[in-house]
Amino acid sequence: MSRCSFKAWDLLMLLFVTLLLFCFAFISMEHILGQKCIPGERLTSVESCRSGTGTYQRQGYIFASLTGVVCKEEKETDLPILYVASRHKAQSVPEVGNIVTCKITQISSRFAKCQITAVNNCSLAHAFRGMIRKEDVRSTERDKVEIFKSFHPGDIVLAKVLSLGDAQWYLLTTAENELGVVVAQSENGTPLTALSHNEMQCPVTHVKESRKVARPQKEHIGFPER
Amino acid sequence: MATDSRRLAVPQSSLDPKSLCPAKVERLLNDEEQRLDGRYSSESRGIYLQCGTVSQAKGSCYCELGNTKVVCSVYGPKDVEHYEDFQMEGKIKCEFKYAPFSCSKHRGHIPDLSEAEISDVILQALTASVRLQCYPKSLIEVFIIVLENDGSAVSASITAASLALADAGIEQYDIVTSASVRVYGNGNFLEDPTSVEEYRPQDFDSESGGDLNHGLVTVALLPTLNQVCAVLSNGHLECDVLVETIQMCTSLAQNLYTAARKCLLSSVKSVDQNNA
Amino acid sequence: MSSSTIVIKAPSKRRNNPIYAHASEVFLVTPGDVITEDADYMRGHGTYTNAGDEDNKLYASVAGVVERINKLVCVKALKTRYNGEVGDVVVGRIKEVQQKRWKVETNSRLDSTLQISSVNLPGGELRRRSAADELTMREYLKEGDLISAEVQQVHNDGMLSLHTRSLRYGKLGQGCCVVVSPSLIKRRKNHIHNLPCGATTILANNGYIWISITSGDACNEGDGGFNVNKEPVPLEEREVVCRLKNCIQCLAKSSVMLYDTSVLYAYESSLQYQVKEIMSEKVSLEIVNQTISLLEREKTGDG
Amino acid sequence: MAGLELISDQGYRIDGRKPTELRQIRCRLGVFTQADGSSYVEQGNTKVLASIYGPHEPSSNMRSKISHDKCIINCEYSQASFSSAERKHRPRGDRKSLDMAAHIKQTFESCIHTTLYPRSQIDIFLQILQSDGSNYCACVNAATLAIVDAGIAMKDYVCACSASLAKGTTLVDINHVEESAGCAELSAAVMPKLNKIVYSELNGRLHEDEIGKVLDSVVLGCNDMFAVMERTVREHVEETVSNFTHS
Amino acid sequence: MSLFGNNLSDAEKCFIIHGIQDDFRTDGRSCDNYRTIELAVNVLTNTHGSSKVRLGNTELLVGVKVELGKPEKATPDEGRIEFHVDCSPNATPAAQRKAANKDFVNNIESMLVRTYANKIAIDLTSLCIIKGKMCWIVHVDVLILECGGNILDCTSLGVKSALQDTGIPRVVVKSGDEGEEEVELPDDPFDVQHISVNNVPILVTVSFVGTRHIIDATVEEESCCSASVVMGVTRRGRILGVRKQCGGSLNPETLVEMLEFGKKSGRQLHVALDKMLKSYEKGTTGYL
């Protein structure tokens, strides 16, 4: 008698635990949104959503890896993405495909070296070394590019990260219209204004200098309201 | 050790008056189980943690464990030196230093052997917790200064370092909390020892049974993942006594988790104010 | 020998190998010795002539055996770095990933290069090298990876450029690598052997010997051999690989020429011992002597 | 004269040797597995370990010195802290060892066929285990054996010996006591078969007509040294070649 | 702690890790096997004690020299033991880079200091000559000649055999003219006293690779080890110092297992070493 009841009792216990687990996984999804979390805290199970920035997956659960507020980004096609919004900007290291702002430090016949100072328009605490190769300056007639006709030391350039490059620098490209020189200074220091996609002019001396100019994007142009 | 010419060194032949009459400490634990500072053997000192104390650092943390005061500052992912070779995973550089005025004996300005060893142990503990693959080709620098050393400076520094990394927005699998225990004869375990209670071989004479089962054990732990990421012990311990002490340290470190969590969450709360 | 006994012994008196009777008629030279004085010879490796004296004496520049192949006189040193020739089979380790090429460590004077154009990328050979390939080079081969390749060209300063444009070459999978002196590897027609005992060995000319299990699946034509299976190797095959590795290390220590027959003989004579005993002093000597006697019999047998 | 008690009146030196007698030399090749070439030389109580790496791709810090037509030799000499009588911790970069390394580098630059290895680098590492005088000479002999073991092309052996003058008689292969006795000491490196002096160094003052005598005894010492080294190399080569040609 | 950057490919690491799972390593050893150890004592004549150890292809020399010196203020009746480790460039060219070499050397030196900084390892009071004025300072210098993995175990074997071989001249204290004690060295160089080494610790490194822990890891195995524990074990199985290395983390049960395993192997090492040192006949020097 005791043997079989022992088995029934055991079955009952098992059922109860799975139920608890299931509902815990289900409820937990809603109650943690907007909650504050610290690295290592378990947020939800993997079935309910995917892990975004500031979280990581381990043994079927999503854990927080940053200190901040848990938020969810709805995705119609797939599971929502869970991420942690921390007081720091999301980006601290340039990744492939980011749009970076960099300052040209040195140019040679084959490449231009630059300091990456901001990634996806949030500034970096410490600058990273980048390099724009001759064949990555322009997408049209790539081989007839002259570096000194495209960049000058001191120019501020918008570029896209092509690859992690090697130990010394990241590999950047300005081969799209929106990428290229954004702010340049003439010899006497006055900022140049953009004339065309490859020319800039000094408002004071009207001297034309050739640069690989970035096409100003609509949202950046402030049309003077009447 | 190379003396640093820029600073006014203590005159070589000078003598710390305290060392002339070393206070011979007979018993750290009197009969009704109380220690010199009145605590019971299984009672830790109060811990005070405060993030964001160093303004120019990316992240920082100030930790007070009784009179032990530690400041840790983290400088965010920066470009690795040019001569290093390519690494997909980030690199951490950690420097642990006692301030020259922090201990009873004047310490030099250049890190000596024991400080280099502790820096290495803290580095290993932090490497276990930081998600280095999110920071390819970059270097994270952690600087720890002990302002006043009144015992378990190492465990306070490890906890402070991990909180500073979290404060700096560096991705971590889990924060690291650490605790140390002094084994004082068989059966007595003094939690969170002060500097007087730390193990010093010269307090024992070899005739009276030597220093069997005397030693200091420090353990660093990933609390939620329940993984040990640093162990450091000295003194003369039997194997099972050592195992028991390590288990005690892990449970102590586990209790620190709530205090660490409160400190980190307080820095997040300030985020809502300036967002709103 | 019970499993965990620890062997601590005094350093063995360096035994020198048994010197065979007829070692004397072999012409040994040391640096600075005069080899010949008559004029009609062609200067090969390991020799030099002094521009100064006019009676064009030929001196030896390394210590080793003089080899005369009709007109060519050269001295073969025992331990040298690998100087490559076109068509040599080579095993190398990727040292650095650069813009359009990989730097490969091949135990030679200079690091060899593997151009991205001389590699089979996934999707067959004819694919043109696009800029995208250059960016994802690290997915194909990264630092530390072992590759088998062939020497395509030797530059004037001795730098080798390699290629892996055939199914036999590519990234190497699970197995272990032993480094010996290149002069121990006998130059044969074929350097990749599928040994009967179930292991594949590549006795590369540059002294890197790769031993792995005979992977039945030759399925990786499509992807240029870049993804490698990582499931655990069963224990018996692992034993074969490790036994071969220890045997090769024994032969190399007593500088016996390495080629498929000598390795096989050593493997057979090592079967009676446990794998971990092979490296001990007396057992390795025993194996080497047995191998030499077997080779001797084979040479006199059909010699 | 300082050299008085160096030689007893029966003409024997402090350690019982005759003035023209070298200390006992024992050497062996192929001591390490990881190095390309290695050797161990004992000259009396001076014990030296030499290991050669190369010719290989120049390391990153040497990249500035690459020459396109010949190889660069990088030499490093270090003395163990327990090597001399009183324990002295010598950090690697101190002036004396840099000095010695420069001398050895100079010696071997003229003897190795550097043009055969363009744009590459050869590392010579020397470690003094025990120093009892004539460290330079023992290092040169050990480095020569290690280079032969590494199979690097060289014009000829380089054997080095030292000699000093005491009471008119020249003492060959001087030990630490004779070295610190203060009289002049001439050490030279010689290519025995080509009979060329590659490097020579004189500390202290020697009268003009005695230099010839001391130099002859040094060259004589080098030839004896060469005989021992030659025998060792031949034995080593015979030993390895017997299996080599046989298999 | 694979300092000299011999980075293996992932496939080779896989092969090694799976091998360790099957308790069959690439050189045939099982997880608790040591490689053969070659040990020679009294190899350097101008030291008071010396030893040469070769474990697999890790090779190092330990020289011990004793000096007269003043005892520390805090411990007037005790002598001192000082460790110094040097990595000879022969080991590998990478040893030339100052920073990497310094960390590697500090690692060993600090572990030796940690395990000898107690009452039991060396009886320091026997080194005292005149209380507060004069004592013996024992300088232990380790010179690493070749790196083949498992440096710490090899170093501690060398240090224990060198200390046992050390002969400290038997010093006679005579009262000098104005009551000053004077120290007189014995004229016969062989009239020496030996340090007792039966409580000297041996360092044991237990590395955790994949899912098992192994002993005596080669350089390749060290590069795929996630965490390792170094501990100083005395002959009677007491633990004199523990430190976890390499940046991985361990769950507490495996840490306890590794400590037990290390203690067992440490005691076996002691037994084997003492047997060998007793039966060691002088004369066979290291290299010839």
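In what follows, chains carry the letters A, B, and so on, assigned in the order in which the sequence lines appear, proteins first and then strands, with residues in each chain numbered from 1.
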Contacting region of E:Asp23 [heavy-atom separation from chain C under 4.5 Å] |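 Neither part.
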
With heavy-atom distances below 4.5 Å as the criterion, would you say the side chains of [X] and [Y] are in contact?
| X | Y | answer |
| --- | --- | --- |
| C:Val7 | E:Tyr34 | no |
| E:Gln21 | C:Pro232 | no |
| E:Asp10 | C:Lys142 | yes |
| C:Lys276 | E:Asn33 | yes |
| E:His18 | C:Val233 | no |
| E:Arg29 | C:Val275 | no |
| C:Lys9 | E:Glu38 | yes |

Point-to-point distance, once rounded to the nearest 0.5 Å, from [atom1] of [X] to [atom2] of [Y]:
| X | Y | atom1 | atom2 | answer |
| --- | --- | --- | --- | --- |
| E:Thr36 | C:Ile6 | OG1 | CD1 | 12.0 Å |
| C:Ile8 | E:Leu277 | CD1 | CG | 7.5 Å |
| C:Cys176 | E:Glu220 | SG | CD | 9.5 Å |
| E:Cys14 | C:Glu231 | SG | CD | 9.0 Å |
| E:Asp22 | C:Leu235 | CG | CG | 5.5 Å |
| C:Glu143 | E:Leu8 | CD | CG | 13.5 Å |

Main-chain N/O of E:Phe15 paired with C:Arg238 side-chain donor or acceptor, under 3.5 Å =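 It does hold such a pair.
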
Options C:Pro234, C:Gly175, C:Ser280, C:Cys177, ranked by heavy-atom pairs under 4.5 Å with chain E, top entry |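 That would be C:Gly175.
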
Given a strict heavy-atom distance threshold of 4.5 Å, which part of [X] is in contact with chain E: side chain, backbone, both, or neither?
| X | result |
| --- | --- |
| C:Glu239 | both |
| C:Asp145 | both |
| C:Arg93 | side chain |

